[in-house]
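Taking it in order: structure first as structure tokens, then the write-up.
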Amino acid sequence: QVQLVESGGGLVQAGGSLRLSCAASGRTFSSYAMGWFRQAPGKEREFVAAISWSGGSTYYADSVKGRFTISRDNAKNTVYLQMNSLKPEDTAVYYCAAKSGSSWLAAVDEYDYWGQGTQVTVSS
């Protein structure tokens with residue numbers, strides 16, 4: 001079992017930055033690929049970014065590429081999402097998720113564990 005707790009959300013003006021953190025319980029954090037997803041009101045949950053077990057590989061949605069950076073610190077059992085140049089359309093609840101298995105890049109329904117989410121609101 002892995003428990004995930006997100007933090008760092010809040011209200012920011014367009015063009016600003018936020019850093020989300022996701023702290024994981026357990027001693028096997030490095031065996032999980034991690035992802036960030038978001039869900040805006042009335043919309044489906046969508047992929048934002050993913051990172052492999054060691055952090056050596058990352059992948060981003062086109063909508064955030066060049067603005068967001070995913071990273072992880074396996075010694076601290078934490079994954080981060082640095083969000084720069086935020087836009088009003090980035091407003092959503094952001095979730096981190098953990099995935100076991102041999103593939104580090106996967107669809108939303110292939111992740112095994114989810115956090116409770118943290119709200120990010122970007123004002124224009």
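Below, each value reflects all heavy atoms present in this structure, side chains not excepted, and no hydrogens, waters or symmetry copies.
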So which atom in W104 and which in S52 form the shortest heavy-atom distance, rounded to 0.1 Å? CE3-N, 3.6 Å
Quick test of your reading of the model: are D90 and K87 salt-bridged, counting only N-O distances below 4.0 Å? no
Evaluate the side-chain proximity of W36 to Y95: yes if any heavy-atom separation is below 4.5 Å, no if none is. no
Would you kindly confirm whether V122 and Y60 end up in one hydrophobic cluster when ILVMFWY residues are joined by side chain heavy atoms under 4.5 Å apart? yes
Any donor-acceptor N/O pair, S25 side chain to Q3 backbone, under 3.5 Å: yes
I'd like to know if V2 and W114 are part of one continuous hydrophobic network [Ile/Leu/Val/Met/Phe/Trp/Tyr, side-chain heavy atoms within less than 4.5 Å]. no
Looking at D73, T69, I70, L20, which one forms a side-chain contact (heavy atoms from CB on, under 4.5 Å) with Y80? D73
Exercise: identify the closest heavy-atom pair between L4 and A24: CD2-CB, 3.6 Å
I'd like to check V48 versus L81 (side-chain heavy atoms, cut-off strictly below 4.5 Å). Are they in contact? yes
Kindly give the heavy-atom pair with the smallest separation between V12 and L18, and that separation in Å. CG1-CD1, 4.0 Å
Taking atom CG of D109 and atom CZ of R45, what is their separation to the nearest 0.5 Å? 11.5 Å
Hey, could you give me the OH/SG distance between Y94 and C22, rounded to the nearest 0.5 Å? 15.0 Å
Salt bridge K99-E110, side-chain N to carboxylate O under 4.0 Å: no
If we ignore hydrogens and angles and just use 3.5 Å, is the side chain of T91 paired with the main-chain N or O of T121 as donor and acceptor? no
Okay, side chain of E6, backbone of S21: is any donor-acceptor separation there less than 3.5 Å? no
Minimum heavy-atom separation for Q82 to S17, with atom names? NE2-CB, 4.0 Å
Residues in ring pair (Phe, Tyr, Trp, His ring centres under 6.0 Å) with F47, at least two apart? F37, Y59
Determine whether R72 and F29 make a side-chain contact, defined as any pair of heavy atoms from C-beta on separated by less than 4.5 Å. yes
About how many Å separate CD1 of I51 and SG of C96, when rounded to the nearest 0.5 Å? 12.5 Å
Measure the spacing between NZ of K65 and OG1 of T58 and express it to the nearest 0.5 Å. 10.0 Å
Please determine whether side chain to side chain contact (heavy atoms under 4.5 Å, CB included) holds for the pair R38 and V120, giving the CA-CA distance in whole Å, both sets of side-chain angles, and the decisive distance to 0.1 Å. CA-CA 9 Å; R38 66 187 182 186; V120 171; over 6 Å; no
Shortest non-hydrogen contact from M34 toward A98: SD-CB, 3.6 Å
Mind listing the closest non-hydrogen atom pair of W53 and S30 along with its distance? CB-O, 3.2 Å
Neighbour count >12 (heavy atoms, 6.0 Å) for atom NZ, K43: no
